[in-house]
Novice: 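Here you go, one structure.
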Amino acid sequence: MSGKPKLYYFNARGRMESIRWLLAAAGVEFEECFLETKDDLTKLRKDGYLLFQQVPMVEIDGMKMVQSRAIGNYIAMKYNLYGKDLKERALIDMYVEAVIDLNELLMTHPFQPADKKEQHFATIVDKATNRYFPVYEKVLKDHGQDFLVGNQFSRADVQLLETLLMAEECKPDILAKFPLLQSFKARISNIPTVKKFLQPGSQRKPPLQEKDVPKLMKIFH
Amino acid sequence: MAGKPKLHYTKGRGKMESIRWLLAAAGVEFEEEFIETKEDLEKLRNDGSLLFQQVPMVEIDGMKMVQTRAILSYIAAKIDMYVEGTTDLMGMIMYLPFQPADTKEKNLALIIERVTTRYFPVYEKALKDHGHDYLVGNKLSWADIHLLEAILMAEECKPDILSAFPLLQAFKGRTSNIPTIKKFLQPGSQRKPPADEKFVAVVRKIFNI
C-alpha cells in the first residue's frame with residue numbers, strides 16, 4: 001500500500017465511523033481530510049474525486065473508493081477480517097448488514113424533527129432489544145465461542161461492538177437482558193487495537209451533538 | 001449449487017428482484033414461495049426461518065440466508081470463487097519453469113498435492129452435486145474455460161493427474177469439444193506452449209529477473 005489510507009468526510013461519525021473502526025481494529029494507520037464547509041464538498045466534486053458525488057470517500061491502494069459498504073468489504077478482505085471461506089463470509093455479511101440497518105436508525109436520530117424524536121427513540125430501543133440483539137446473543141450462546149463467526153476475530157465482531165456502544169449511548173442499560181453481549185463487549189474492547197481506538201485521543205469520533213446538526217445540514221443543503 | 005435455491009418473498013419486485021436477476025443471469029434455476037397474506041409471513045417468523053424476522057430470505061446450500069446484499073454477494077462469489085481457485089492453481093504452475101533446479105522438484109510435488117487434494121476435489125464435487133455439464137448454471141461460463149485450462153496445464157505437469165477424478169475427465173472431454181475451444185486447441189492457434197529453457201532465458205532478460 002503506497003502511503004496510509006486517507007479518509008474524506010466530516011469531523012463526525014456518520015457513515016465513515018464503521019470504516020474508522022475497521023481500519024483501527026486491523027491496526028492500520030490512516031489520515032483524515034475533514035470537510036468543514038459546503039465549498040470543501042463542492043471542491044471534491046469539481047475535482048472529480050467523488051464517483052457518485054458523495055462521501056465517504058477513501059483513498060486507498062491507488063483508488064478513490066466510495067460507497068461505505070464497498071469500502072468496508074475491501075478493507076475486511078484485505079486485512080483478513082472476512083472469514084476463512086465463502087460460507088463464513090456469508091454469515092459475516094448477514095450479521096454486518098443487519099448491524100448497518102440498526103446503525104442507520106441510531107445515526108439518523110439527531111436529525112429527527114423534535115416532534116418525531118421520542119417515537120424514533122422508541123423504535124430504536126424496540127428494534128435493538130427485540131429484533132437484533134437477541135439474534136447475536138443467541139449466536140454467541142449456540143456456539144459458545146468468543147467471536148461471532150468461525151472462532152476468529154472478524155469484521156462482524158468490530159461492527160457489532162461499534163453498534164453496542166452506540167446503543168448504550170442512547171440508553172445506558174440497553175444490554176441489561178443480554179449477558180453474553182455484555183461479556184462480548186468487554187472481550188472485544190480488550191483486543192489491543194480496539195482498546196487503543198477506545199482511548200481518548202484516538203480517531204474515534206464522539207456522538208453528534210444537537211448543536212452540530214445545523215452546521216452539517218448547511219454542508220449538504 | 002446443490003439443489004435449486006428457493007426464494008421467499010411477495011410476488012413483486014421489491015428487494016428480491018436483484019437476486020432474481022443475478023440468478024437468472026448466471027443461468028441458475030430457482031423456485032419461489034410467495035408470501036400472500038400476513039399469516040404467511042407470521043408462519044415464516046414463527047418457524048424461525050427468518051434470522052431478523054425479515055424477507056428477502058433465500059434457502060441456498062443448506063442455509064436460510066437473509067439480508068439482500070449478503071445474498072447477492074454469496075451468489076456472485078460462488079461464480080467468482082471457482083475462478084479464484086483455478087487462477088491460484090495456474091499461477092503456481094506458471095512459475096514452475098522459473099524456479100531454480102533444486103526447488104523445482106519440491107514445488108512440482110506441492111502443485112500436484114494441491115491440485116489433487118485442494119482444487120480438483122472441489123470441482124469434482126461441484127459437478128457431482130448438480131450433475132450438470134458445466135460448473136455454474138448449466139451453461140458455459142468462464143469458470144468452465146478457466147478450469148479446462150487449469151486441467152490441461154496440470155496434465156502437462158503429471159499426465160495421469162486426473163486419474164481419481166472421473167467427472168473432471170468427462171468435463172475435459174466435453175468442454176474440449178466445444179467448437180471454439182476445439183479450434184483453440186489445434187496446432188497453429190494462438191494458444192501458447194509451456195515455457196521451455198530457452199523461453200525462460202528470454203523472459204528473464206526482458207523482465208530483469
Side-chain angles (χ1 to χ4, degrees), chain A residues 15 18 67-78 80-105 123-124 126-143 148-150 154-156 159-160 163 181, chain B residues 1-2 5 8 15-16 18-19 22-23 26 28 41-42 44-88 118-119 121-123 125-126 129 135-136 143:
Chain A
R15 292 185 193 282
S18 305
Q67 295 297 328
S68 44
R69 276 184 188 79
I71 299 166
N73 287 352
Y74 183 80
I75 294 167
M77 194 70 102
K78 184 172 178 162
N80 246 324
L81 292 169
Y82 224 161
K84 70 171 194 299
D85 59 28
L86 191 56
K87 281 214 165 165
E88 282 190 2
R89 201 183 96 170
L91 279 177
I92 291 169
D93 276 343
M94 283 199 282
Y95 298 155
V96 168
E97 286 298 318
V99 150
I100 290 175
D101 284 348
L102 181 54
N103 270 359
E104 287 277 315
L105 285 176
T123 305
I124 290 173
D126 172 57
K127 289 255 161 83
T129 51
N130 293 325
R131 176 174 288 188
Y132 295 109
F133 290 173
V135 172
Y136 300 108
E137 181 82 5
K138 184 175 189 296
V139 166
L140 290 169
K141 183 168 185 223
D142 286 350
H143 61 44
L148 279 173
V149 178
S154 79
R155 178 188 188 190
Q159 312 273 210
L160 179 58
T163 304
L181 287 180
Chain B
M1 299 183 219
H8 294 263
K15 287 187 195 277
M16 188 61 99
S18 316
I19 295 167
L22 186 58
L23 288 168
V28 177
L41 182 60
E42 285 311 309
L44 277 176
R45 284 174 169 163
N46 291 335
D47 289 346
S49 294
L50 306 178
L51 188 63
F52 297 104
Q53 314 312 322
Q54 294 167 318
V55 284
M57 187 271 277
V58 175
E59 291 180 75
I60 184 169
D61 294 345
M63 299 182 285
K64 289 183 166 60
M65 280 201 77
V66 294
Q67 295 298 332
T68 316
R69 280 180 192 84
I71 298 166
L72 288 170
S73 233
Y74 181 79
I75 295 167
K78 272 211 99 160
I79 299 164
D80 273 354
M81 177 188 68
Y82 291 128
V83 174
E84 291 298 310
T86 45
T87 307
D88 280 354
R118 182 183 289 189
Y119 296 106
V122 171
Y123 301 111
K125 184 177 190 297
D129 281 353
L135 274 176
V136 182

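On a predicted model such as this, the values are computed, not experimentally measured, just so you know. Lettering follows sequence order; numbering is per chain, from 1.
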Novice: Checking A:Arg131 against chain B: side chain, backbone, both or neither under 4.5 Å from a heavy atom?
Specialist: both
Novice: Can you give me the closest heavy-atom contact between A:Val135 and B:Leu51, atom names plus distance?
Specialist: CG2-O, 3.1 Å
Novice: Closest approach of B:Gln67 and A:Glu97, non-hydrogen atoms and distance?
Specialist: OE1-CB, 3.3 Å
Novice: How close do A:Asp101 and B:Gln54 get, counting heavy atoms only, and between which atoms?
Specialist: OD2-OE1, 4.5 Å
Novice: Which atoms form the tightest heavy-atom contact between B:Ala70 and A:Ala90, and what is the distance?
Specialist: CB-O, 4.4 Å
Novice: Near B:Lys15 NZ, under 6.0 Å, is it more than 12 heavy atoms from other residues, nucleotides or ligands?
Specialist: no
Novice: Enter the distance from A:Asp93:CG to B:Met65:CE here, rounded to the nearest 0.5 Å.
Specialist: 6.5 Å
Novice: Using 0.5 Å steps for rounding, measure from the CZ atom of B:Phe52 to the OH atom of A:Tyr136.
Specialist: 3.5 Å
Novice: Please check: side-chain N/O of A:Lys87 versus main-chain N/O of B:Asp61, any donor-acceptor pairing under 3.5 Å?
Specialist: yes
Novice: To the nearest 0.5 angstrom, please state how far the OG atom of B:Ser73 sits from the CD1 atom of A:Ile92.
Specialist: 11.5 Å
